2 protein chains.
Amino acid sequence: MVSLTPRAERLLKALIGQYISEGQPVGSRTLVKQAGLEFSPATVRNIMSDLEELGLIRSPHTSAGRVPTERGYRFFVNTLLAVKSPKTLDVASIEDRFLADQDPQQLIESMSGLLSQVTKLAGIVRVPRRADAGFLQLDFLALSPTRVLVILVTQDGQVLNRVIHPKRSYSASELQQAANVFNGAYAGLSLDDVRRSLVEALRRDSEDMQQILRSAVEMAHQVFAGEAMSEAPLFVSGESNLLAFPELSNTEKLRRLFEAFTVKQDLLHLLDQSMVSQGVQIFIGAESGYEALESCSVVTAPYEVDGQIVGTVGVVGPTRMSYDRVISVVDVTARLLSGALSHGVPS
Amino acid sequence: MVSLTPRAERLLKALIGQYISEGQPVGSRTLVKQAGLEFSPATVRNIMSDLEELGLIRSPHTSAGRVPTERGYRFFVNTLLAVKSPKTLDVASIEDRFLADQDPQQLIESMSGLLSQVTKLAGIVRVPRRADAGFLQLDFLALSPTRVLVILVTQDGQVLNRVIHPKRSYSASELQQAANVFNGAYAGLSLDDVRRSLVEALRRDSEDMQQILRSAVEMAHQVFAGEAMSEAPLFVSGESNLLAFPELSNTEKLRRLFEAFTVKQDLLHLLDQSMVSQGVQIFIGAESGYEALESCSVVTAPYEVDGQIVGTVGVVGPTRMSYDRVISVVDVTARLLSGALSHGVPS
DNA sequence: ACTGGCACTCGGAAAGTGGGAGTGCTAAGA
DNA sequence: TCTTAGCACTCCCACTTTCCGAGTGCCAGT
């Protein structure tokens, strides 16, 4: 890690701050005026020259000012950024969202909208993978002689349902009994394990299985094999906020970016990375490793249920974003979400 | 309605076709060559002049070719467009989507993605308003002593669920009984009517109500009053396809448009309009009445369940779109969807 | 070590230029 | 009377030229 003189640090910080708020290359004169520095433009130029050698800033061309490089941003967030305690206004508007009593699932999904509204950037949220959730119970509900509603509930309160058309019709009590037997047999496993067991059970096709359990397994399998189970667990909101940034108005870049929002693959990988460790993580520009995100930064923070990291919330915006504010917003959102999820949702 | 000589019609049709495929103003010479017309550019110019007077085409400036006006497009789709029977390729790729056995709800929602993929434009779908659906049954499922899962099933197969925290804990059999009583009391109403009845019942707070029904009403009310009931019933997919069109690359217009996709209000109104009558409807440019859609056209078609119109599918794209193809795709999608929904979903 | 001064560079806006595509009009031909 | 060839005209667009100003780097003086 580079180390700078205090003066150079101060300068860099002022420059990045100015560039973030204005979006224009910053010249020595402007910087002196704007930051109220007590030395002259010429001195500033010398220091800038040093910073440029270190790769922290660069000039778009000879007679423009300087703009931060990705490395500059990185240095900035690593060492210069006093993580601001979030504006009370922001916290209040975030907390408001948690007052509404909601399903955990819905609450989590709504976080992307919340983040995009507060930051005016794109909000993203990675929800817990369904397949990893613990199996709580299954129920069969007869809708009509040919249609049965299968309801799958996980330990963390997610609910999945699907209407199936069983081979023969079942009475309500048969269904009840099937559910009971099934729940007894698969209690405590993860959904993924249950799915595997079901496939196994069907493959063996053993005659020794209770008739009623066999029916339950067949019906349940239709739910566990369904695509709802493997759906990409990623939500994005407020993409259109990004249209406001001139540095992203390059049509081709924009296309790539929106493509990434649609395909979700890359973002998902990125969010998976951020789930391995705690606290806010920041991917600046090319650091994410995905071309589509090259002039963007991603700020993420994982959230937990009862101490276990289960997902991530975050924000995507141009590299020129208010890192201090965004970081604190993402951080507090993740914390509040963890809190709301961990001690249940009070009504 | 204007009437044109056959020759003028032919010319207009060729011009619009050419403009749709190339996106450039069309000149007299180009038109003669491209459309293989047997008269000269000069004649074409004369006819164009007439068409311009009628307001069907216009020149962006003196020495450019002509482009269709909205009125021109309107005339085109109204009288010149032989509604092409859809390409077998398109139909096949659409039908493929229906093979997968799905929830009606999911099937409907997936239509927006389907339409956007097939047309390379933005696909939209208005799903049936939950509040209008017929109430089929309600069930209570104890998850834990303090949490009860309420499952609401409508006659058309939609399922809505929510976890609530009742004041006191109920046994499984109590819940069962409560559900039975409730279902008996409210059978056959629409969800909206049920909701109203519940509010009423709670307000009267009558002592003469059975204790068990009263509990059921209280718990049910939490579901019926929830925001899930009033959620905007509109899905949009493939917005990013629209970035490919140069005529929409104007950043401000684009912002407006994407804003409309996010807010949904305006689009919803538009789709509501299209639900009143059968068959494909087309809103060209300003015809929609919404500024955000000013250089866009919207093609919609309602879909039905058992002869009742319940929602709409559609496509949003630039006014310069392949109306023939888009119309047939939207039409066949709506038909296939109606079909799939009406005789149940075979597995 | 800092600063004022100064020559230099370069991008971007403004103004000028030429070419080409397309038009409208007119007059001649079918 | 309708069509067409010819022609003058218009106007955009792409290209160059010019000019200005912001900003730099360097040097010499404090």
Side-chain angles (χ1 to χ4, degrees), chain A residues 4-12 14-19 21-69 72 246-247 249-250, chain B residues 3-12 14-19 21-69 72 246-247 249-251:
Chain A
L4 298 179
T5 65
R7 213 173 46 169
E9 283 193 356
R10 203 174 133 213
L11 199 71
L12 180 60
L15 187 146
I16 294 183
Q18 172 74 9
Y19 181 70
S21 76
E22 299 301 327
Q24 297 294 330
V26 186
S28 53
R29 200 167 339 212
T30 330
L31 197 50
V32 169
K33 261 188 273 179
Q34 182 273 338
L37 301 179
E38 68 280 9
F39 31 86
S40 77
T43 313
V44 170
R45 284 203 287 277
N46 287 329
I47 304 173
M48 278 176 154
S49 203
D50 300 342
L51 292 175
E52 186 154 23
E53 265 175 38
L54 290 170
L56 298 174
I57 59 178
R58 64 186 181 83
S59 343
H61 57 84
T62 321
S63 79
R66 304 304 218 289
V67 300
T69 60
E247 58 261 54
S249 68
N250 175 317
Chain B
S3 86
L4 298 178
T5 66
R7 212 173 46 169
E9 285 193 355
R10 202 175 135 213
L11 200 71
L12 180 60
L15 188 147
I16 294 184
Q18 172 75 8
Y19 182 70
S21 77
E22 299 300 326
Q24 298 294 329
V26 186
S28 52
R29 198 165 341 208
T30 331
L31 196 50
V32 169
K33 262 187 274 177
Q34 181 274 336
L37 301 179
E38 68 280 12
F39 31 85
S40 78
T43 313
V44 170
R45 284 202 287 278
N46 287 330
I47 304 173
M48 277 176 156
S49 204
D50 299 342
L51 291 174
E52 186 155 22
E53 265 175 39
L54 291 170
L56 299 173
I57 58 178
R58 64 185 179 83
S59 343
H61 56 84
T62 321
S63 79
R66 304 302 217 290
V67 300
T69 60
E247 59 261 54
S249 69
N250 175 317
T251 317

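Computed from a predicted structure; not experimentally measured. Note on naming: letters A, B, ... go to the chains in the order of the sequence lines (proteins, then strands), and numbering restarts at 1 for each one.
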Do you know the tightest heavy-atom contact between [X] and [Y]?
| X | Y | result |
| --- | --- | --- |
| A:Pro68 | A:Tyr19 | CD-CD2, 3.3 Å |
| A:Ala35 | A:Ala14 | CB-CB, 3.8 Å |
| B:Pro25 | B:Pro60 | CG-CG, 4.0 Å |

Check your understanding: How would you give the extent of chain B contacts on DNA chain D, as first and last nucleotide 5' to 3' within a 4.0 Å heavy-atom cut-off?
Key ->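 Counting from the 5' end, contacts occupy D:dT3 to D:dC12.
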
**Study point:** Partner of B:Ile57 under side chain to side chain contact (heavy atoms under 4.5 Å, CB included), chosen from B:Asp50, B:Leu15, B:Leu11
**Key:**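 Checked B:Asp50, B:Leu15, B:Leu11 against B:Ile57; only one passes side chain to side chain contact (heavy atoms under 4.5 Å, CB included): B:Leu15.
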
Review point. Is A:Met48 close to A:Leu31 at the side-chain level, that is, under 4.5 Å between some pair of heavy atoms?
Key: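 They are in contact (side-chain heavy atoms under 4.5 Å apart), so the answer is yes.
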
**Study point:** B:Thr5 side chain reached by B:Ile47 side chain, heavy atoms, under 4.5 Å
**Key:**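 No. Closest side-chain heavy atoms not under 4.5 Å.
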
Review point. For A:Glu52, which residues count as a salt bridge (charged side-chain N to carboxylate O under 4.0 Å, His left out) partner, sequence neighbours excluded?
Key: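 Per chain and number, A:Glu52 pairs via salt bridge (charged side-chain N to carboxylate O under 4.0 Å, His left out) with A:Arg66.
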
**Study point:** By salt bridge (charged side-chain N to carboxylate O under 4.0 Å, His left out) - contacts of B:Arg58 (at least two apart)
**Key:**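 With sequence neighbours excluded, B:Arg58 shows a salt bridge (charged side-chain N to carboxylate O under 4.0 Å, His left out) to no residue whatsoever.
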
Point to revise | Selection residues 35-45 of chain A - residue pairs positive for side-chain hydrogen bond (donor to acceptor under 3.5 Å, both in side chains), sequence neighbours left out | key: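 Residue pairs passing side-chain hydrogen bond (donor to acceptor under 3.5 Å, both in side chains), neighbours aside: A:Arg10-A:Glu38, A:Ser28-A:Arg45, A:Ser40-A:Thr43.
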
Check your understanding: Can you list, by residue number, the residues of residues 57-64 of chain A that have a non-hydrogen atom closer than 4.0 angstrom to DNA chain C?
Key ->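 Within this stretch, A:His61, A:Thr62, A:Ser63 sit under 4.0 Å of the strand.
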
Exercise for review: Say whether, by atom type as modelled, one donor and one acceptor occur between the side chain of B:Ser59 and the main chain of B:Thr62 under 3.5 angstrom.
Suggested key: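 Side chain of B:Ser59 to backbone of B:Thr62: no pair is present.
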
Review point. What is the 5' to 3' range of DNA chain C, first to last nucleotide, that sits under 4.0 Å from any heavy atom of chain A?
Key: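 First-to-last contact on DNA chain C, by the 4.0 Å heavy-atom rule, is C:dC2 to C:dG11.
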
